[in-house]
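Each remark here refers to the structure printed beneath this line.
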Protein chains: 2
Amino acid sequence: MNIGEVAKRSGLPSKTIRYYEEIGLVKPLRDVNGYRAFRDSDLHKLAFLNRARTLGFTIEDCRTLLTLYEDKSRASADVKELAEAHLHKIEDKIAQLQSMRDTLSELVHSCAGDNRPDCPILKDLAAETAT
Amino acid sequence: MNIGEVAKRSGLPSKTIRYYEEIGLVKPLRDVNGYRAFRDSDLHKLAFLNRARTLGFTIEDCRTLLTLYEDKSRASADVKELAEAHLHKIEDKIAQLQSMRDTLSELVHSCAGDNRPDCPILKDLAAETAT
DNA sequence: CTTGACCTTCCAGTCACTGGAACCCTTATC
DNA sequence: GATAAGGGTTCCAGTGACTGGAAGGTCAAG
């Protein structure tokens with residue numbers, strides 16, 4: 001398979017696939033004309049990567065996950081640990097964003113949004129934290 | 001004020017303050033020795049920036065907000081519009097993260113996490129999307 | 001005079017791509 | 001055989017918002 005087809009089938013842009021090769025996540029063969037020649041196993045890996053990235057795993061996490069995936073004697077505990085750590089990070093991030101949202105939402109609602117200059121949003125941003 | 005004190009008082013690292021000068025968000029004066037000399041108004045701006053960044057506004061948003069803040073004839077609608085757009089982005093991001101979290105959480109719970117190799121997390125990541 | 005805590009600039013790295021330029025290969029059509 | 005479209009290739013630069021580190025200047029205290 002050429003890169004275009006693999007892109008279509010894996011859901012990843014060609015650029016990204018080239019990048020993944022560059023950082024050693026996939027190692028496609030080469031045709032005589034220099035084109036990358038992807039095997040089914042490469043496609044499979046790329047789809048795996050796409051899914052893992054969609055779930056927010058970092059590239060380094062993905063690298064580890066791929067290794068674990070290919071290590072048939074892995075302990076599922078290792079995978080679970082990684083996934084749990086990632087889950088916690090996501091939950092932290094959500095909490096942080098929710099706190100932003102709550103504050104912002106309040107500010108937005110308190111602002112008249114007309115053509116007068118008085119604006120509680122700017123007032124809040126400019127507020128002294130303490131003296 | 002020297003940068004160290006402004007850092008302490010604004011809550012921003014010195015490095016960040018230098019960076020903000022570099023991109024034109026603040027324009028402190030200079031002492032004869034080359035040290036940055038911050039006025040109260042600079043400190044005030046930096047605290048404003050810190051607060052806005054904490055709420056997740058991009059640097060470019062911050063630049064606009066600062067301009068609006070200093071334009072005493074602004075319309076509060078302009079501020080509100082910017083804040084609302086940002087709020088929507090945050091809400092989208094939250095939704096996206098929640099969807100990740102839900103999937104991940106399910107996967108984590110379905111995985112025994114023992115020393116056997118069987119792992120639903122990897123299975124899911126490797127699943128074909130369609131044929 | 002030296003020590004240590006400041007301050008300065010400049011350069012490189014982060015993360016995971018993404019865009020673009022310049023060029024090569026393949027296939028079809030005229 | 002020329003040409004054009006639509007693949008593919010490499011390499012370089014840029015993104016956002018810092019952050020780390022090196023190499024060096026300045027200042028106050030002892």
Side-chain angles (χ1 to χ4, degrees), chain A residues 1-39 42-43 45-46 48-66 85-86 89-90 93 96-97 100, chain B residues 1-39 42-43 45-46 48-66 85-86 89-90 93 96-97 100:
Chain A
M1 271 172 289
N2 281 350
I3 201 166
E5 188 174 353
V6 178
K8 224 178 289 170
R9 294 228 250 158
S10 68
L12 290 168
S14 304
K15 277 264 177 190
T16 301
I17 296 174
R18 290 198 194 95
Y19 172 68
Y20 285 176
E21 183 191 19
E22 193 185 321
I23 62 173
L25 285 177
V26 278
K27 299 183 173 39
L29 305 173
R30 293 289 175 141
D31 280 340
V32 278
N33 58 12
Y35 286 19
R36 288 170 182 80
F38 294 87
R39 290 152 291 185
D42 295 320
L43 172 58
K45 264 195 199 179
L46 288 165
F48 182 105
L49 287 167
N50 191 20
R51 183 114 176 84
R53 291 287 301 129
T54 302
L55 287 176
F57 285 100
T58 65
I59 289 287
E60 285 319 303
D61 280 351
C62 289
R63 200 187 293 280
T64 306
L65 285 171
L66 266 185
H86 179 49
K89 266 188 218 146
I90 288 180
K93 189 90 198 156
Q96 190 190 329
L97 285 172
M100 281 184 197
Chain B
M1 271 173 292
N2 281 350
I3 201 168
E5 187 175 354
V6 178
K8 224 178 290 170
R9 294 226 250 160
S10 68
L12 291 168
S14 304
K15 276 266 178 190
T16 301
I17 296 174
R18 289 196 195 96
Y19 172 68
Y20 285 176
E21 184 191 17
E22 193 186 321
I23 62 174
L25 286 177
V26 278
K27 298 184 173 40
L29 305 173
R30 293 290 176 141
D31 279 341
V32 276
N33 58 14
Y35 287 17
R36 287 170 183 81
F38 294 87
R39 289 152 293 185
D42 295 320
L43 172 57
K45 264 195 200 180
L46 288 165
F48 182 105
L49 287 168
N50 191 21
R51 183 115 177 85
R53 290 288 300 130
T54 302
L55 287 177
F57 285 101
T58 65
I59 288 288
E60 286 318 302
D61 281 351
C62 289
R63 201 186 292 278
T64 306
L65 286 171
L66 265 184
H86 179 49
K89 267 187 215 145
I90 288 181
K93 189 88 198 161
Q96 190 188 330
L97 285 172
M100 282 185 196

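In what follows, every chain begins at residue 1, and chains take the letters A, B, ... in the order their sequences are listed.
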From CD1 of B:Ile59 across to P of D:dT15 the rounded distance in Å is 14 Å
Do A:Asp42 and A:Arg39 pass the salt bridge (Lys or Arg N to Asp or Glu O under 4.0 Å) test, and can you show the C-alpha distance, the side-chain angles, and the key distance before you say yes or no? CA-CA 5 Å; A:Asp42 295 320; A:Arg39 290 152 291 185; 3.1 Å; yes
How close do A:Ser10 and A:Ile17 get, counting heavy atoms only, and between which atoms? OG-CD1, 4.0 Å
Below 3.5 Å, does any donor atom in the side chain of B:Tyr19 face an acceptor in the base of D:dG16, or the other way round? no
Rounded to whole Å, NZ of B:Lys15 lies from P of C:dT8 at a distance of 11 Å
In whole angstroms, how far is the P atom of D:dG16 from the CZ atom of B:Phe57? 17 Å
As a test of reading the structure: which of C:dT18, D:dT26, C:dC25 is closest to the side chain of A:Pro13, going by heavy atoms? C:dT18
Using a cut-off of strictly less than 4.0 Å, decide whether B:Thr16 has a side-chain nitrogen or oxygen near OP1 or OP2 of D:dT19. yes
Figure out the CD/P separation between A:Glu5 and D:dG6, and round it to whole Å. 18 Å
Between B:Arg30 (CZ) and D:dT26 (P), how many Å, whole number? 14 Å
When you check the phosphate oxygens OP1 and OP2 of C:dT8, does a side-chain N or O of B:Asn33 lie under 4.0 Å from one of them? no
Less than 4.0 angstrom between a side-chain N/O of B:Arg18 and OP1 or OP2 of D:dA17, yes or no? no
Between D:dG7, C:dT9, D:dT26, spot the one nearest the side chain of B:Tyr35, thanks. D:dT26
Between A:Arg36 and D:dT9, does any side-chain N or O lie under 4.0 Å from OP1 or OP2? yes
A:Glu60/A:Arg63 under salt bridge (Lys or Arg N to Asp or Glu O under 4.0 Å): CA gap, chis, key distance, verdict: CA-CA 5 Å; A:Glu60 285 319 303; A:Arg63 200 187 293 280; 3.0 Å; yes
Between B:Asn33 (side chain only) and B:Tyr35 (backbone N and O only), is there a donor and an acceptor less than 3.5 Å apart? yes
Under 4.0 Å, heavy atoms only, any strand: does A:Thr58 hit a base, just the sugar-phosphate, or nothing? sugar-phosphate
Without decimals, in angstroms, what is the distance between B:Met1 CE and C:dC6 P? 17 Å
Taking atom P of D:dC18 as reference, at what distance in whole Å does atom CD1 of B:Ile23 sit? 7 Å
Take atom CD of A:Glu22 and atom P of D:dT9, then tell me their distance rounded to the nearest Å. 13 Å
Hey, could you give me the CG/NZ distance between B:Leu25 and B:Lys45, rounded to the nearest 0.5 Å? 8.0 Å
B:Ile3 near the nucleic acid: base, sugar-phosphate alone, or nothing, with a heavy-atom cut-off under 4.0 Å? sugar-phosphate
5'-most contact on DNA chain D: B:Leu12 or A:Phe38, nearest heavy atom basis? A:Phe38
Would you tell me if any nitrogen or oxygen in the side chain of A:Tyr20 comes within less than 4.0 Å of OP1 or OP2 on C:dA16? no
